[in-house]
Amino acid sequence: MKKVIICSVSIGLVLIIGVAALVLALIPVNKNTLIDLPNKIYIMNELTKNNYEEAAYVLNDKKEKEVDMLESIYRAFNDGFGQRLLTAIFRGEVNDKIEANYDRPTGTANRILKNLSSDEKFTVVFYYNIPRTIEVEGRDPYEYQYLFFEVDNSDEFAYKTIGVSVSASLGTSPSYLTYNYSYSAKVNLKGVYDYIWSLPYFAK
C-alpha cells in the first residue's frame, strides 16, 4: 500500500512540475511597452546609399502598399524583446527591462553608424509625426521624433543601444546618427534583419 501511495505522490509531483514548466515556457516576459509603432521607417545600408535622396529605403504609413510592410517590421521588432519566462529564469534575465538613458557625449560614444558601406548590417530609423517622450530619472522629459538602431544576422539576445533624437541627418553625410538620449535593452533583432531581406527592394 505504501508503495502505491509513494508512487502516486511521485507521479503527482512530476505532473505538477511538468505543468509548471509548461506554463513558465509559455508566459512571455520583457516585452516592449515603451516604443510605439512609427509613421515611417527608414532602412539604410550599402544597397540604399546611392539610390535614394535620403540614402534610405522608406516605408510610409500614408502609402497603402507600404503599411503592411511597416507594421511587419514593427512586429518583428517587438518579437525581438520577448523571452519566455522559463528561459529568462535560467538566464537570470527576468528583471531585464528596456531602460531609458541619458548619454553624455564623449567621443563617438553617442553615435550609431548608418552602415552605408555594409551589406551585412542595416540601420533602421523610426520616425513619428507626433513627438514621443523619453523620461530619464532626474531629468526633464525629452521629446523625440526619430529612433534608430542597428540590426544584423546575429541570432542571440544581446544588449543593444536604441538612440532617440528630435532630428536626424539622413543622407550620406555624416556617416552616423547622433543621440543624447537612448533606450537600452537585451533584444534579438534577427527577425527584423530577415524580414528586411524579404522586402522586394532587397530581395531582388
- Query: Is Arg139 positioned over the aromatic face of Tyr102, cation under 6.0 angstrom from the ring centre and no more than 45 degrees off axis?
  - Reply: yes
Please tabulate, for side-chain N and O atoms in residues 53-60, each donor-acceptor pair with protein atoms closer than 3.5 Å (sequence neighbours left out).
residue	atom	partner	partner atom	Å
Asn60	OD1	Lys62	N	2.9

- Can you measure from CD (Gln145) to NZ (Lys40) and round to the nearest 0.5 angstrom? 11.0 Å
- Task: Could you tell me the separation between the CG atom of Asp79 and the CG atom of Asn188, rounded to the nearest 0.5 Å?
- Result: 10.5 Å
- Query: Can the ring centres of Phe149 and Phe126 be said to be less than 6.0 Å apart?
  - Reply: yes
- Message: Using the ring centroid of each side chain, check whether Tyr179 and Tyr142 are separated by less than 6.0 Å.
- Response: no
- Message: Could you walk me through whether Asn115 and Glu46 satisfy the side chain to side chain donor-acceptor pair (under 3.5 Å) test, starting with their C-alpha distance in whole Å, then the side-chain angles of each, then the deciding distance to 0.1 Å, before giving a yes or no?
- Response: CA-CA 7 Å; Asn115 286 303; Glu46 185 179 34; over 6 Å; no
- Can a salt bridge be assigned to the pair Lys190 and Asp194 using a cut-off of 4.0 Å between side-chain N and carboxylate O? yes
- Message: For a side-chain contact (heavy atoms from CB on, under 4.5 Å) check, start with the C-alpha distance between Val124 and Tyr42, then their side-chain angles and the critical distance, and finish with the verdict.
- Response: CA-CA 6 Å; Val124 178; Tyr42 299 84; over 6 Å; no
- d(Ile196 CD1, Leu189 CG) to nearest 0.5 Å is 9.5 Å
- Message: Could you walk me through whether Leu70 and Leu37 satisfy the side-chain contact (heavy atoms from CB on, under 4.5 Å) test, starting with their C-alpha distance in whole Å, then the side-chain angles of each, then the deciding distance to 0.1 Å, before giving a yes or no?
- Response: CA-CA 9 Å; Leu70 185 149; Leu37 175 70; 3.7 Å; yes
- Task: Check whether any side-chain heavy atom of Glu120 sits under 4.5 Å from a side-chain heavy atom of Asp152, and report yes or no.
- Result: no
- Item | Ile112 CD1 to Ser175 OG distance, which is reported to the nearest 0.5 Å | 13.0 Å
- Query: Can you tell if the side chain of Tyr195 reaches within under 4.5 Å of the side chain of Met69, non-hydrogen atoms only?
  - Reply: yes
- Query: Which of parallel (below 30°), tilted (30 to 60°) and perpendicular (above 60°) describes Tyr74 and Phe77?
  - Reply: parallel
- Item | Met44 reachable from Leu113 in the ILVMFWY side-chain graph, under 4.5 Å edges | no
- Is there a donor-acceptor pair closer than 3.5 Å between any side-chain N or O of Ser118 and the backbone N or O of Lys121? yes
- Query: Minimum heavy-atom separation for Asn129 to Asn39, with atom names?
  - Reply: N-OD1, 2.7 Å
- Message: Tell me whether Lys114 contacts the main-chain N or O of Pro174 through its side chain, where contact means a donor paired with an acceptor under 3.5 Å.
- Response: yes
- Item | Side-chain touch Phe81/Asn32, heavy atoms, less than 4.5 angstrom | yes
- Item | Flag, side chain of Tyr52 to backbone of Gly171, donor-acceptor distance under 3.5 Å | no
- Item | Heavy-atom side-chain proximity of Thr48 to Leu116 below 4.5 angstrom | yes
- Please test Asn45 against Asp119 for side chain to side chain donor-acceptor pair (under 3.5 Å), starting from the C-alpha separation and ending with a verdict. CA-CA 6 Å; Asn45 84 343; Asp119 61 0; over 6 Å; no
- Can you tell if the side chain of Leu147 reaches within under 4.5 Å of the side chain of Val125, non-hydrogen atoms only? no
- Query: For the residue pair Val67 and Asp61, what are the closest heavy atoms and their distance?
  - Reply: CG2-O, 3.4 Å
- Message: When you group the ILVMFWY residues by side-chain heavy-atom contacts below 4.5 Å and let the links chain together, are Tyr176 and Val151 in the same group?
- Response: no
- Looking at CG of Asp36 and CG of Asn78, how far apart are the two atoms once the value is rounded to the nearest 0.5 Å? 9.5 Å
- Which atom names give the shortest non-hydrogen contact between Pro38 and Tyr128, and what distance separates them? CA-CE2, 3.5 Å
- Kindly give the heavy-atom pair with the smallest separation between Val187 and Gly80, and that separation in Å. CG2-O, 3.2 Å
- Note on the structure: On a heavy-atom basis, the closest approach of Val136 and Tyr181 is CG2-CD2, 3.6 Å
- Message: Hydrogens and angles aside, do Thr178 and Asn110 bring a side-chain donor and acceptor to less than 3.5 Å of each other?
- Response: no
- Task: Dump the intermediate steps for side-chain contact (heavy atoms from CB on, under 4.5 Å) on Ile41 and Tyr127, then the final yes or no.
- Result: CA-CA 6 Å; Ile41 293 179; Tyr127 169 77; over 6 Å; no
- Could you check if a side-chain atom of Leu177 sits within less than 4.5 angstrom of a side-chain atom of Arg111, using non-hydrogen atoms only? no
- List the atom of Gly163, the atom of Ser182, and the distance in Å for their closest heavy-atom pair. CA-CB, 4.0 Å
- Message: Counting the benzene-type ring for Trp, do Phe122 and Phe202 have ring centres under 6.0 Å apart?
- Response: yes
- Item | Distance, nearest 0.5 Å, that separates CD of Glu99 from CD of Glu137 | 11.0 Å
- Item | Side-chain touch Ile134/Tyr144, heavy atoms, less than 4.5 angstrom | yes
- Task: Would you mind reporting whether Tyr146 and Val166 have side-chain heavy atoms less than 4.5 Å apart?
- Result: no
